[in-house]
Number of protein chains: 2
Amino acid sequence: MSDHLACKITGSELEVMKLLWHAGEALPVTEIREKLQEAKGWEPATIKTLVSRLVSKGAVRQEKRNVYFYSPTISEKEYSAWATGDLITRLYHGSARELVAALVNADGLTQKDLDELRQMFKVED
Amino acid sequence: MSDHLACKITGSELEVMKLLWHAGEALPVTEIREKLQEAKGWEPATIKTLVSRLVSKGAVRQEKRNVYFYSPTISEKEYSAWATGDLITRLYHGSARELVAALVNADGLTQKDLDELRQMFKVED
DNA sequence: CATTGCAGTCTACAATTGTCAACTGTGTAT
DNA sequence: ATACACAGTTGACAATTGTAGACTGCAATG
């Protein structure tokens with residue numbers, strides 16, 4: 001929730017982060033490049049820039065191992081929590097409840113979602 | 001939820017939108033300027049630029065009335081819904097339920113929030 | 001009617017973001 | 001030992017964003 005983290009990951013960078021998050025282990029650029037080249041159609045140069053920028057802003061750690069291996073310094077959960085908090089601050093007057101209420105009132109949730117959430121709320125507390 | 005809207009309102013622009021949303025009626029720049037100059041410490045020029053950009057991107061309508069009056073073309077609800085959908089797509093695999101689950105599991109909600117939500121979920125269905 | 005203040009428009013400029021090419025050094029294959 | 005491929009670095013360039021000055025014309029005020 002603290003907004004002084006090395007967050008502020010941009011759209012393209014987020015794609016790199018997702019790859020690393022889902023990999024679950026440090027990856028060499030080779031692999032990052034292959035995956036994103038295919039998935040996004042980006043040139044190797046583009047991918048290398050994104051990885052570098054993420055390292056610069058501290059969102060990715062690079063560890064020397066013959067060739068560098070890259071891994072996130074912030075988890076997907078943490079980042080999602082930060083971005084969600086940011087949204088709540090900016091658009092829901094800082095109230096998470098307002099956000100949920102908006103989802104419930106819009107058609108953002110299916111019946112199944114609602115059922116599952118009801119279940120969750122029952123368990124909580 | 002459709003992302004082809006004239007959305008993508010930036011941080012500074014959002015402050016202008018909020019002012020207009022909360023005003024609930026078309027405002028002349030004079031008023032926008034006064035409020036934001038005080039609230040944000042921005043120069044008049046800055047505020048005029050932001051308003052112009054919002055008009056350009058179609059988020060604000062300008063109506064001639066001796067001097068121009070400005071009003072949003074998209075409601076706060078609509079924009080919030082769009083931005084929330086965007087977040088859900090980008091970080092919660094398109095599942096609103098995942099977002100809510102994350103809020104429940106994190107400490108994003110107070111006990112009071114939880115109570116009120118439980119109430120909401122009871123009524124829904 | 002002349003003055004003044006400010007709305008509206010144009011221009012500007014640095015920082016960030018999306019994309020990528022060029023260069024450099026080194027590990028791997030021949 | 002040599003060559004090749006590619007990781008890592010540097011630089012680049014257009015679009016967007018944050019912030020603001022300058023100019024122009026109208027509208028209110030004396």
Side-chain angles (χ1 to χ4, degrees), chain A residues 3-20 23 25-71 79 82-83 86 90, chain B residues 3-20 23 26-71 79 83 86 90:
Chain A
D3 68 1
H4 64 283
L5 284 180
C7 287
K8 230 6 136 42
I9 289 162
T10 73
S12 303
E13 288 167 359
L14 189 61
E15 297 303 321
V16 178
M17 291 304 286
K18 283 192 199 172
L19 179 61
L20 293 174
E25 55 172 349
L27 296 181
V29 160
T30 320
E31 220 166 312
I32 303 178
R33 182 176 50 66
E34 279 168 6
K35 297 256 173 61
L36 290 179
Q37 207 164 354
E38 164 149 33
K40 295 286 160 186
W42 289 335
E43 292 302 310
T46 303
I47 296 157
K48 284 186 272 182
T49 298
L50 293 174
V51 172
S52 294
R53 287 184 182 164
L54 283 168
V55 172
S56 299
K57 53 177 84 170
V60 163
R61 171 188 331 120
Q62 95 188 140
E63 91 196 77
K64 188 72 175 176
R65 200 149 112 193
N66 188 350
V67 74
Y68 282 120
F69 275 64
Y70 298 87
S71 52
Y79 180 70
W82 178 84
D86 188 48
R90 293 158 54 83
Chain B
D3 67 2
H4 63 284
L5 284 180
C7 287
K8 228 10 134 42
I9 290 162
T10 73
S12 302
E13 288 167 359
L14 189 61
E15 297 303 323
V16 178
M17 291 304 287
K18 282 193 201 173
L19 179 60
L20 293 174
L27 296 181
V29 161
T30 321
E31 220 166 311
I32 303 178
R33 182 175 51 65
E34 280 167 6
K35 296 257 173 60
L36 291 179
Q37 208 164 355
E38 164 150 32
K40 295 285 161 185
W42 289 335
E43 291 301 310
T46 302
I47 295 157
K48 284 187 272 181
T49 299
L50 294 174
V51 172
S52 294
R53 287 185 183 163
L54 283 168
V55 171
S56 299
K57 54 176 84 170
V60 163
R61 172 187 332 119
Q62 105 190 130
E63 93 196 74
K64 189 72 177 177
R65 198 150 114 193
N66 189 348
V67 75
Y68 282 119
F69 275 64
Y70 298 88
S71 52
Y79 180 70
D86 188 49
R90 293 157 55 83

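Every chain is numbered from 1 and lettered A, B, ... according to where its sequence line falls, protein lines coming before strand lines.
Between B:L50 atom CG and C:dT9 atom P the separation is 15 Å, expressed in whole Å. The distance between atom NZ of A:K40 and atom P of C:dG18, rounded to the nearest whole Å, is 12 Å. Between B:L27 atom CG and C:dC6 atom C1' there is a gap of 17 Å when expressed in whole angstrom units.
Going from atom CG of A:L54 over to atom CD of A:Q62 covers 11.5 Å, rounded to the nearest 0.5 Å. To the nearest 0.5 angstrom, B:K8 atom NZ is 8.0 Å from B:Y79 atom OH. Considering NZ of B:K35 and OG1 of B:T30, their distance stands at 11.0 Å, rounded to 0.5 Å. Here A:L50 contributes atom CG and A:T10 contributes atom OG1; the two are 7.0 Å apart, rounded to the nearest 0.5 Å.
A:Y70 comes within contact range of the sugar-phosphate backbone alone, with a heavy-atom separation under 4.0 Å but no base atom that close.
Ion pairing of B:E13 with B:R53 is absent here, as no side-chain N (NZ or NE/NH1/NH2) approaches a carboxylate O to less than 4.0 Å.
Applying side chain to side chain contact (heavy atoms under 4.5 Å, CB included) to A:V16 and the options A:I9, A:V60, A:L36 leaves one that passes, A:L36.
Between chain A and DNA chain D, the heavy-atom contact criterion of under 4.0 Å yields a 5' to 3' nucleotide range of D:dA7 to D:dA12.
Within residues 28-38 of chain B, no residue places a heavy atom under 4.0 Å from DNA chain D.
Other residues, nucleotides and ligands contribute at most 12 non-hydrogen atoms within 6.0 Å of the CD atom of A:E38.
Nearest heavy-atom pair, B:F69 versus B:A26, reported as atom, atom and distance to 0.1 Å: CD2-O, 3.5 Å.
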Contact string for nucleotides 20-30 of chain C, one letter per nucleotide 5' to 3', B = base within protein heavy-atom range under 4.0 Å, S = sugar-phosphate only, - = neither, reads BB-----SS--
Practice item. Would you sort out whether B:L14 and B:K18 count as a side-chain contact (heavy atoms from CB on, under 4.5 Å), showing the intermediate values? Key: CA-CA 6 Å; B:L14 189 61; B:K18 282 193 201 173; 4.1 Å; yes
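Not one N or O on the side chain of B:K48 forms a donor-acceptor pair closer than 3.5 Å with the backbone of B:V29.
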